[in-house]
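A short worksheet on the structure shown next.
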Amino acid sequence: MSVALEIKEKEPKPETKKMLVTGAQGVLLSLLEEGVDTIFGYPGGAIMPIYDALYDFSDRLTHYLVRHEQGGAHAAQGYARITGKAGVCFATSGPGATNLITGIADAQIDSTPLICVTGQVFSHLLGTDAFQETDVLGVTMPVTKWSYQVTRAEEIPEAMAKAFYIATSGRPGPVLIDITKDAQNATFEYEYKKWNKIASYFPVPKLKQSEIIAAAELINQAKKPFVIWGQGVLLGRAEEEFKAFIEKAGLPAAWTILGLSALETEHPLNVGMLGMHGNYGPNIKTNECDVLIAIGMRFDDRVTGDLKRYAKQAKIIHIEIDAAEINKNVHADVAVNADAREALQALLPLVEKREHKEWVQSFFDAYKIEFNQVIREQLFPTTSGGIQMGETVRIISELTEGKAVLVTDVGQHQMVGMRYYNFKETRSNITSGGLGTMGFCLPAAMGAKVGAPDRQVVAIIGDGGFQMTLQELGCIFQYQIGVKVVILNNNFLGMVRQWQQLFHQKRYSFTEMVNPDFVGIAKAYGIAGSKVSEREYLQGQIKQMLAHEGPYVLEVVVEKEENVFPMVPAGESVANIRLD
């Protein structure tokens with residue numbers, strides 16, 4: 001959902017007291033007006049006036065000096081995902097701004113609200129290829145909900161107010177405000193008004209009762225109904241309504257990776273994970289159900305597999321706040337363009353109290369097959385081989401009682417972490433979904449811990465992804481951010497290697513890694529750590545990590561060529577899921 005609008009648009013403003021401030025001070029005052037208390041950033045020449053002003057705001061705004069701007073964007077994402085508020089990050093012009101792009105693109109596809117403030121060269125130098133000048137608006141326009149360049153100090157309050165409204169309303173996403181250095185330096189009469197309306201922008205569509213009635217009729221008539229839910233349930237804060245809905249109608253429900261933790265893992269109607277590395281039952285039953293109810297998800301390719309063979313037998317109900325996602329990939333027989341919470345509240349009184357015992361049991365019968373062929377050995381290995389990723393996650397889950405925040409990167413460890421951690425609480429799963437960003441985990445975990453200092457935050461990460469942003473150990477050490485980092489080290493880019501084994505005749509082209517001493521690196525940053533390679537010491541080392549006061553890095557040497565199954569091969573039908 002992108003937003004195109006002009007900053008010049010005006011609305012009536014209430015009488016407020018005005019004060020004379022610099023543009024830089026205006027930025028920080030605007031953040032305070034929006035309830036911001038945390039910023040992740042990296043200073044530089046073009047944003048120096050804002051950082052100079054920040055010196056006098058340190059009692060009200062806590063700034064974390066990241067070690068790379070990408071880390072700042074990911075940290076702001078982690079903070080946003082755990083708190084539900086917009087994450088804020090600062091960067092300077094040119095390379096500082098372009099280093100944010102990966103995090104901004106990740107936030108856009110995963111619907112994470114970010115406010116990115118970048119400095120820019122003096123306005124009279126725009127377009128001259130001045131030192132550290134980049135057309136950051138042109139670069140970010142495809143991956144933001146809105147981006148705007150401020151060239152006059154007077155524009156700052158309105159630009160910031162619109163930024164917060166756009167980033168956090170409807171389907172959330174990132175917004176970038178680029179501010180020239182002269183606008184930061186100039187003085188103006190400051191006043192602030194929060195925005196709650198913009199012409200032609202309707203973030204929350206009006207619910208149509210006729211759509212709700214049509215959806216209820218299909219659900220009440222269904223013999224094999226099946227719910228698939230995504231992050232829209234979390235973003236809409238609809239966890240309770242969702243739980244009441246599936247319980248009343250007796251609906252088996254499966255999750256996308258971003259929807260995970262909206263419903264506790266052990267709920268009797270939670271039938272597991274969808275998609276490429278999802279559970280056996282939800283995948284094959286997708287092509288057996290007669291009504292498929294999709295809530296707050298977008299039918300991406302990792303969930304659907306081959307669209308020509310996806311749920312062709314089923315009537316589709318799609319509840320989704322972003323109209324652009326409806327009928328984009330999968331045709332909806334009933335399209336409910338609405339906020340998930342509002343839609344479920346309207347739907348709940350209309351669905352009949354029912355049970356589908358045999359149908360629900362069929363999912364768990366399929367799980368028994370999967371457990372016996374795949375899962376048992378991953379969680380409770382009986383061979384004398386190396387440590388399994390699954391058993392590591394199982395032990396962490398048991399020792400944290402399923403109440404930790406689990407942050408993952410991208411790859412095999414991500415799939416294992418989400419499948420085998422027993423989530424008890426909502427907003428406990430933070431990962432890079434749509435963009436699949438290696439390097440996301442460490443800074444995102446850092447941001448999550450800042451946002452939820454009283455919760456245990458465990459970062460589970462591969463040896464490849466860890467090395468992409470390991471410099472953020474410096475930030476973790478400087479501010480003593482108590483995140484626990486578990487590196488599952490198989491000395492491979494594991495997921496790519498798995499594909500090379502299965503589909504490229506074991507031609508392991510540039511996926512094997514010779515890794516450094518990870519614990520030594522952690523200790524060089526002043527962070528405690530240890531390494532475990534033998535199963536008999538695994539649980540003890542995890543206990544030691546969790547009990548440690550402050551940050552900790554645990555390297556777990558896992559089976560070198562372990563594969564993650566089940567798996568739906570790329571381009572295949574979800575019904576053709578492989579167990580080995």
Side-chain angles (χ1 to χ4, degrees), residues 204-256 259-274 281-282 285-299 303 310-323 325-327 330-364 426:
V204 181
K206 186 176 180 179
L207 182 69
K208 294 180 181 178
Q209 190 64 19
S210 59
E211 296 172 350
I212 294 295
I213 292 171
E217 287 177 352
L218 277 181
I219 294 167
N220 291 337
Q221 294 166 8
K223 291 181 171 54
K224 293 182 177 182
F226 181 28
V227 172
I228 57 178
W229 89 85
Q231 190 183 199
V233 173
L234 291 160
L235 296 175
R237 301 185 185 276
E239 294 96 322
E240 290 303 316
E241 290 81 0
F242 176 74
K243 184 176 180 179
F245 167 67
I246 64 169
E247 287 179 346
K248 182 178 181 182
L251 305 171
W255 42 269
T256 71
L260 176 58
S261 83
L263 183 72
E264 58 269 29
T265 301
E266 292 186 336
H267 190 283
L269 291 172
N270 187 338
V271 296
M273 177 179 171
L274 294 160
K285 298 297 178 182
T286 297
N287 281 5
E288 295 178 19
C289 67
D290 57 0
V291 175
L292 185 65
I293 306 128
I295 305 174
M297 54 86 69
R298 58 189 179 84
F299 288 112
V303 165
Y310 182 78
K312 292 302 180 183
Q313 79 294 338
K315 295 289 186 181
I316 308 292
I317 299 168
H318 193 182
I319 300 172
E320 169 59 45
I321 197 169
D322 187 355
E325 296 294 349
I326 295 175
N327 294 322
V330 174
H331 171 74
D333 296 279
V334 177
V336 182
N337 182 205
D339 169 76
R341 186 178 186 183
E342 186 181 7
L344 289 168
Q345 286 174 339
L347 194 56
L348 187 58
L350 301 181
V351 295
E352 297 172 356
K353 177 73 175 174
R354 298 184 66 186
E355 292 182 346
H356 300 275
K357 289 184 178 179
E358 291 185 6
W359 170 239
V360 172
Q361 184 58 45
S362 71
F363 284 85
F364 293 101
T426 189

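Keep in mind the model is a prediction, meaning the values are calculated, not measured.
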- Task: Go through V227 and F245 one step at a time and tell me if the side chain to side chain contact (heavy atoms under 4.5 Å, CB included) criterion holds.
- Result: CA-CA 10 Å; V227 172; F245 167 67; 4.2 Å; yes
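- Closest non-hydrogen pair, N287 versus A311, comes out as OD1-N, 2.8 Å.
- If you take CD on E217 and CD on E352, they are separated by 10.5 Å, rounding to the nearest 0.5 Å.
- Summarising the geometry of L274 relative to P282, their closest heavy-atom pair is CD2-CB, 4.0 Å, with the distance given to 0.1 Å.
- Residues A340 and I319 share a closest heavy-atom pair of CA-CG2, 4.4 Å.
- Counting only distance, with no hydrogens or angles, the side chain of K248 and the backbone of L348 share a donor-acceptor pair below 3.5 Å.
- When atom types are taken as modelled, the side chain of H318 and the backbone of H331 share no donor-acceptor pair closer than 3.5 angstrom.
- Contact between P225 and W359 at its shortest, heavy atoms only, is O-NE1, 2.6 Å.
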With salt bridge (Lys or Arg N to Asp or Glu O under 4.0 Å) as the test, would you mind laying out the steps for E240 and K243 before giving the verdict?
CA-CA 5 Å; E240 290 303 316; K243 184 176 180 179; 5.5 Å; no
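- Between L207 and V336 there is a side-chain heavy-atom pair separated by less than 4.5 Å.
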Please step through side chain to side chain contact (heavy atoms under 4.5 Å, CB included) for the pair I219 and L347, ending with a clear verdict.
CA-CA 10 Å; I219 294 167; L347 194 56; 4.0 Å; yes
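- Here CZ of F242 is found 6.0 Å from CG of L263. Values are rounded to the nearest 0.5 Å.
- Looking only at side-chain heavy atoms (C-beta outward), H267 and E247 come within less than 4.5 Å of each other.
- Considering all non-hydrogen atoms of both residues, A314 and D333 come closest at O-OD2, 4.0 Å.
- Of the inter-residue distances, the one linking L269 atom CG with H356 atom NE2 reads 10.0 Å to the nearest 0.5 angstrom.
- For Q313 (side chain) and T286 (main-chain N/O), a donor-acceptor pair under 3.5 Å exists by modelled atom type.
- Rounding to the nearest 0.5 Å places CH2 of W255 at 13.5 Å from CD1 of I228.
- Between the side chain of R298 and the main chain of G230, no donor-acceptor pair closer than 3.5 Å is present.
- Checking side-chain atoms of E320 against main-chain N and O of D322 turns up a donor-acceptor pair under 3.5 Å.
- Closest of all the heavy-atom pairs between P268 and V360 is O-CG1, 4.2 Å.
- Atom CH2 of residue W229 and atom CD of residue E239 lie 11.0 Å apart, to the nearest 0.5 angstrom.
- Here the straight-line distance linking atom CD1 of I321 with atom CD1 of I295 works out to 14.0 Å at 0.5 Å rounding.
- Not a single donor-acceptor pair under 3.5 Å links the side chain of K223 to the backbone N or O of D290.
- Between F363 and F226, the angle of the ring planes lies from 30° to 60°, which puts this pair in the tilted group.
- With a 6.0 Å radius and a threshold of 12 heavy atoms from other residues, nucleotides or ligands, Q209 has its CD atom above the threshold.
- At least one donor-acceptor pair under 3.5 Å links the side chain of N220 to the backbone N or O of L350.
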